[in-house]
Every structure is written in structure tokens, then in C-alpha cells.
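Read through the structure below, which is laid out as C-alpha cells, and then see the notes.
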Amino acid sequence: MRKYLNVISAYTIMLGLIILVGFLQSWNVALSILNFCLISAVMTMGANIQWGYAGLINFGIMGYTALGGLAAVLVSVPPVREAWQVGGLNMILCVFVITFIVFSIRYIIKKYKKSNQRGFGITFIIIAGIIILRLISAPAIESIEAVSPATTGFLGGLGLPIMFSWIVGAFFAGALAFIIGKIALGLRADYLAIATLLISEIVIAVVKHEDWLARGVKNVIGLKRPVPYEIDLQSKEWFINLIAKINNGSLNLISGTLEKQAALHQLVIEASTVFVKLCYAGLFTIVVVILLIITQKALYSPWGRMMRAIRDNEEAANAMGKNVVKQHLLIFVLGSAIVGIAGAMMVTHDGLFTPGSYRPMRYTFLIWVMVIIGGSGNNFGAILGGFAVWFVWIEAAPFAEYIINLLTSGLAENNQLKEHLINSVPYFRYLMMGTGLLLIMRYKPRGILPEEIKHS
Amino acid sequence: MDFLNAIILLLNYIFVPALTYGSQLALGAIFVTLIYGILRFANFATGDMMSFGTMFAILFTWYFQSFGISLGVLPTALIAIPFAIIFMILYMLIIDKFVFSYYRIKKSPPVMLAMVSIGVMFVTQAIVRIIIGPFDRRFFDGEKFILKANEFKEITGLNEGLTIKSTQVLTIFITIIIVSILFWFLNKTKTGKSMRAYSDNEDLALLSGIDPKRVVMITWIIAGIIATIGGVLYGLDKSFKPFTYFNNMLPIFAAAIVGGIGNPFGAFLGGYVIAFSEIFLTYAYKKFFMYLLPESLEPNTLVQLLSTDYKFAVSFSILVIVLLFRPSGIFKGKVL
């Protein structure tokens, strides 16, 4: 019990802070902070598997998040029949051409020895393939994007419940990670960081500009939800009764049936948004708990021990007969798949997919700050980092405003310095993140909840 | 005549812009490579450090403008640069003293330092945005064009115009001067040689009596000068926006690695490689072929290899290809 004391106390403080926001600001804000904390926790778990378990540095988190979001669109949006009619055949043909190119290159690499001729052959196949692809896809893309561009203009998805996309997103991200891992995992740590960062930018560029896939920067809005809509809830008998029961005391104080009715209506509207957010929070918590159990089991299994051995001394692990390359690839795919789940969860929560909003600052570097501050190698630490950093990220602005008002209270209301500072309140979150990261790295380099290794 | 027109077209839309953009990237890449070669970490705060220096240049430009000081045809920012450099160097030395030196003395792995640089990136970004705000700023004044398209057409009687902006000439000119001074410094002076020795083999350099503190300090000073000038030139040519500067970090990294990280000459050429390939691959060659080919063969599409949306993606793909086939860069990296 003693051992877990710091974990329990850290989480109690965190939940206490969120509840405090509920009392001070509103339950709506508190719950949306909680939901994003949970999503961030999933992302940090993914990054933590790679960095904490295996020492692999992955700055491509943004790319996997976007792929998860793409999966949400492709799974849940109903297919656009017209677009499939005008361009579907060509796009399917393109998929076949790509598979053909990949397999023929694989065949050449296997069959022939390394030589100049082989290099030229592969280059020729790639260039010819790209030209064929352009010829097939260009007219199809044009006609697909012409199908009522204001609302669709893309192929649409499968029309399945959006919850499936959490799994599909994991597969998408895992597949991308497999390709990146094959290319880049042999690189030295800092090269790998830069390479993954740049590859994730390429992914974003593709998602942003291939309009036939997911409308690009025109965004997809109004995705289906796994939880009830607020409007539906407000007319449901059982929900109104529930709210009336909960607020019985305060409602009884109001005299007059009409006023009572109005007050109840107001309460129902407020409660419906809170209820929806609670549903999301429940779903996300289930995901976090499942992932936590799996990752925790993995960490203390022989496999986890092997990963730590590889992380701490690659050469020794290699000499002991462990396949370092294969294990690195495996853990790279697994971690990225978890980040993909988080990406799909986020789009599900928002109900919209906005490729323009994927920025490395928010989706890569912030997640890394979470992992480092929380404690890499410790799942509880990583989740705590996700919670704490997201909480600060959101609450930094009101907090900074309060501090500035306090410090400049001696100055006049229209003082230029004061106005300037108040206007730049949103940027104090970067300052807090940066100083937080620097302080933690200097004085507590293993994070708030450091990694503990059980010796048995 | 058509042939000349086609050449002018390429000069105007590809060669001049790419040379300018390449110079800007080259300065950034040299900054990255210096830090990597001597301090041994990938500096993720590159873009934000450049924007920090540029911010001071803009503040000084405004200050001078309020006094009515100007350089006539040249932008006022040129007088502001030295003052901005002083502040930049101060900032860099302070950061080094309070942040980086601790890890350097402890001999932390390079990844650790890269993480720390992310912290510096956040802080610098915050400072820049708090002081000058996140908005687009143009601080160019003076004569905008050296050669206008119309004038060129009148002089030569060609259909195609050639526009040369003064910022483009300034950028290329200043870059060449700065880079030549840098190479002279690294190759001919004693301090430069000691820097190269330190970069090559730290232990051996220490044995032969090179003072590491001095080498590190001089590196930060040179890096500060280059970053400020690079940032100001980019801002003069395009515009100053903190977010754009942050994003520029990515092609700069690509340039440094393509050229061979740790090798300033490689970084210098890498900047041009990245810039030219970005613009070559995303330019629509329709008009070019219209001049060269007979009417019956004229293309009816844009003849564009890649849409301009993929501009960044081009440089990153080059980087990935280079990393795959020649991980040490085109010019063998890791020698200063």
C-alpha cells in the first residue's frame, strides 16, 4: 500500500483539481477538460510504450493522430454513391496499381543481387507507376470532387458505427508506423526524431490536400455519435424525471407551476450537455483502463523485461540472441496504434474532422511534454502527465490573467503595459509548458512518478 | 525569341526565387549544423530562436523609424540588425548558462539535450508571442524593386518580364558575405580551427589545451549572428510571423541533414538543394512548353509534377531518400 501512496495521492490531487474547476467555473468545462485529459492519457500511453519501454523517440505523433481521425471519417460517414459511380472504379484500379508496384519491387529486390541495373529497374518501375497512377486518378479525382462540392465531394466512408473506427484507426496508424519503422528505425536517436517529425508533416499534407479522401481543409462535420444527442435527451421522459428528482430540493422552493416549469427546462438543457460529456467520459475511461491493464501486464512480462534490456543496452541484448530490429519495429507499431486510437477518439468526441488543425506544437511536442513530466517508463506516470499537462494547458489562460491582474493592480486600467499583457494571456500557456518541462528535466529528470523496476 | 522568353520565364519564376529561398534556408541550416557539430544536439528551437532575433530587429526598426532614421533605398532593418544581434547573443548565452550547460557538463545523451531544446522552444515561442504578438508583420521599407517586369520588357522587347526585388538581391548578397566570412573564420583563424578540432574529437581537443567553455561561447555567438541575419532576411523578403518561423524549422532541418549534418558547407549547399527541388517540382511548366514546342504539341494541362500544396512534402521526401541511401548526407557529415 505504501508503495502506491504517491500514485494514489497524485491522482487524488488531479481529480480534486478537476472537481474544483467544476465548482468554480462549470461542470461543462470540467468534464470537457476531463475528456481531453483521458484522450491525452491514451496518447501518452502510446508515446510512453515507445520511449519509456524501448527508448525509441517518435516525433510523428501528430501523423498517427490524424490517421486515427481519418479512420473515424472513413468508417462512420455514409458512402457517397454518386461519387463512387463517377470515380470509384478508377480509385480501386489505383489501389491495384499501387499493390502491383510494391510487389514487383519486392520481387526484384528478392530475385536480383544489388547492382546498378537493379537500382535503375526499381526507379523505372516507380516513375512509370506514378505516371500511370496520375493518368488513372486525375480524371476520377476531378469528377469525385465535382459531386456537390459544398456538402460531399469525396468518396465517403462505410456508414458503420463510429466506435469501429477506434480499432480501424489503430490499424491505420499501425500500418503507417510499419512503413516508417522499416525506413527510419535504423537511424540514430536524433535523426529518428527529425525523420518522424517530417514524415508526420507529409501525412498531414496528404490528408489536407487530397480532397477526394476526406474533403481536406474543407473539413467533415456532423459525424455520427456513439452517445445520445442533447436535443433528443431534452424531450425524453425519463431524463426530465431524473433531473427533476435530482434537483427536487431547489425546485420545491420555487412557487408557481409556470416558473417551476421554466426552471426545470433550463436545468434539463444544462444537464443534457453534462450527461453527454459524462457518457464520453465513461467510454474513454473504459479504453484507458483496458489499455492500462494491457500495458501494465506487458511491462512486467518477460517481453517487457526484454524491451528494457534492449533499451538499456542494445548490444548486450543483441548478443543474448534478442532480435533488436524486430522488437523495435513491433513496439513502434504498437505504440503508434495506441496513438491512432486516441486520434479516432478525439474526432469522435468533437464530431468533426479538421485536418487544418493538426499542428506539431499541439499534437507532438505537447504529448512529449506530458510523457516527460509524468514519468517515462511508468504507465501511471504517463497518464498523470497527460492529465496534469492538459489541465495546465487549458487553465493556464485564466490563471495567467488572474496573476497579471494581481501584479499590475497598482497600474491604471488603461495602462499600455497592462493591456498588452492581458491581450497576450493565451500565450502564457507556452511559457508555463516550457518552464515546467525545463524544471522537471533539471530537478526530477525521471518525471513526477518515476519508473520503478520490480526485481523478483 | 521564344527560346529567350522561355529562359526568362524560368529565371523569373524558378531561379531567382529559389536562390533567395535557398539562401535563407542555408543560413538556418548552418545554424543547425554549428550547434549540432559543436554542442552535439539537434536544436528544435531553431525556428523560434530565429524569430526571437527577428523580433528585436523589428522592434529596433520601429524605434529608428519613430526618429525618422532610414537608409533611403535600403530597408531600415539593416541598421537594426547589429542591435538585434547583441540581444540575441545575450539571450543565447543566458539560455546556455541556465539550461544547456548543466546537461553538457553532465554529458547527457544528445536525445536529452534535444528534449531540453523543446523546452527552450516553448519558452522562446511564448516570449516572442507575448512581446510582439502572433500576427503577420511587414517591416520592409525602402525601394521595393530593382528591376520591374515592365521595365525589363521595354528594355529587351521580350514578352516575358523579369522582376528582381531588392530583398532578393540583399538576401543573396548578404548570405554570400556571411558564409564566406564564416568559412574564412573556420578554416584560417586559430579560434575557428580550435572549433573544428573540438567538433572532430572532443577528448583530443581538450588534451591539446583547447578551452571548451570558450569554444562553446564562440559557437553560440556565431550561431546568434547567423540566426538573426537569416531570420531578418526571411522576414524582409516575405513577412514576419512566429508560426511561419516555427514551421521553417522543418525544411531547415531537411537542408542540414541533406547536406550532411555537422558540415557547414554541406548545410550551405543543402539549403539550395531543398529550395530548388521544392520549386522545380511544384512549378507549372505549361507556359514554358508553350514557348518551346510548336503549336500542335502544346500541352493542355498545367504540366505540374506536384501541386504546390506539397511544397513542404517535397523537401521532406528528399530528406527521407537521403537518409535511406546516404545517412551521412550528400557531403559526408560530422566534420566542421
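All values below were derived from every heavy atom in this structure, side-chain atoms included, with hydrogens, water molecules and symmetry-related copies excluded. By convention in this document, chain letters (A, B, ...) are assigned in the order of the sequence lines, proteins followed by strands, and residues within each chain are numbered from 1.
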Point to revise | Lys NZ or Arg CZ of A:R188 over B:Y36 ring: under 6.0 Å, within 45° | key: no
Check your understanding: Do B:F98 and B:Y102 have ring centroids that are under 6.0 Å from one another?
Key -> no
Exercise for review: Below 4.5 Å from any heavy atom of chain A, which atoms of B:M249 appear? Answer side chain, backbone, both or neither.
Suggested key: side chain
Point to revise | Near-ring test A:W51/A:F59, centroid separation under 6.0 angstrom | key: no
Review point. What part of B:V116 is in contact with chain A, defined as an atom under 4.5 angstrom from a non-hydrogen atom: side chain, backbone, both or neither?
Key: both
Check your understanding: Between B:F240 and B:Y234, does the ring centroid distance fall short of 6.0 Å?
Key -> no
Check your understanding: So which of B:F122, B:F312, B:F243 has the largest heavy-atom pair count under 4.5 angstrom toward chain A?
Key -> B:F122
**Study point:** Atom group of A:V203 that falls short of 4.5 Å from chain B, counting heavy atoms
**Key:** neither
Study note, to complete from the structure: Among A:G436, A:P426, A:A205, A:G186, the residue with the most heavy-atom pairs under 4.5 Å to chain B is A:A205
Review point. Strictly under 6.0 Å, is that where the ring centroids of B:F253 and B:F44 end up?
Key: yes
Point to revise | Region of A:R429 that comes under 4.5 Å of a non-hydrogen atom in chain B | key: neither
Point to revise | Part of B:L113 within contact of chain A (heavy atom distance under 4.5 Å) | key: neither
Point to revise | Side chain, backbone, both or neither of A:I204 within contact of chain B (heavy atoms, under 4.5 Å) | key: neither
Review point. Would A:R215 and A:E145 satisfy salt bridge (Lys or Arg N to Asp or Glu O under 4.0 Å), going step by step from the backbone distance to the final call?
Key: CA-CA 8 Å; A:R215 280 170 60 77; A:E145 283 170 7; over 6 Å; no
Check your understanding: Hey, would you say the B:Y91 and B:F52 ring centroids sit under 6.0 Å apart?
Key -> yes
Review point. Where on A:L438 is there a heavy atom nearer than 4.5 Å to chain B: the side chain, the backbone, both, or neither?
Key: both
Practice item. Count the heavy-atom pairs under 4.5 Å between each of A:R442, A:M361, A:M433 and chain B, then report the option with the highest count. Key: A:R442
Exercise for review: Select one option (side chain, backbone, both, neither) describing which atoms of A:I57 are under 4.5 Å from chain B's heavy atoms.
Suggested key: side chain
Exercise for review: Compute the centroid of each ring, for B:Y272 and then for B:Y21, and state whether the two points are separated by less than 6.0 Å.
Suggested key: no
Practice item. Would you mind checking which part of B:L250 comes under 4.5 Å of any heavy atom in chain A, side chain (CB onward), backbone (N, CA, C, O), both or neither? Key: both
Exercise for review: Return yes if some donor-acceptor pair links the side-chain N/O of B:R129 with the main-chain N/O of A:Y430 below 3.5 Å, else return no.
Suggested key: no
**Study point:** Parallel, tilted or perpendicular: ring planes of B:F280 versus B:F276, cut at 30 and 60 degrees
**Key:** tilted
Check your understanding: For the candidates B:S108, B:P251, B:P134, B:S315, which exhibits the highest count of non-hydrogen atom pairs separated by less than 4.5 Å from chain A?
Key -> B:P134
**Study point:** Contacting region of B:M115 [heavy-atom separation from chain A under 4.5 Å]
**Key:** both
Check your understanding: So what's closer than 4.5 Å to chain B heavy atoms on A:L431: side chain, backbone, both or neither?
Key -> both
Check your understanding: Is chain B contacted by the side chain of A:L198, its backbone, both, or neither, given a heavy-atom distance below 4.5 Å?
Key -> both
Practice item. Select one option (side chain, backbone, both, neither) describing which atoms of B:I130 are under 4.5 Å from chain A's heavy atoms. Key: both
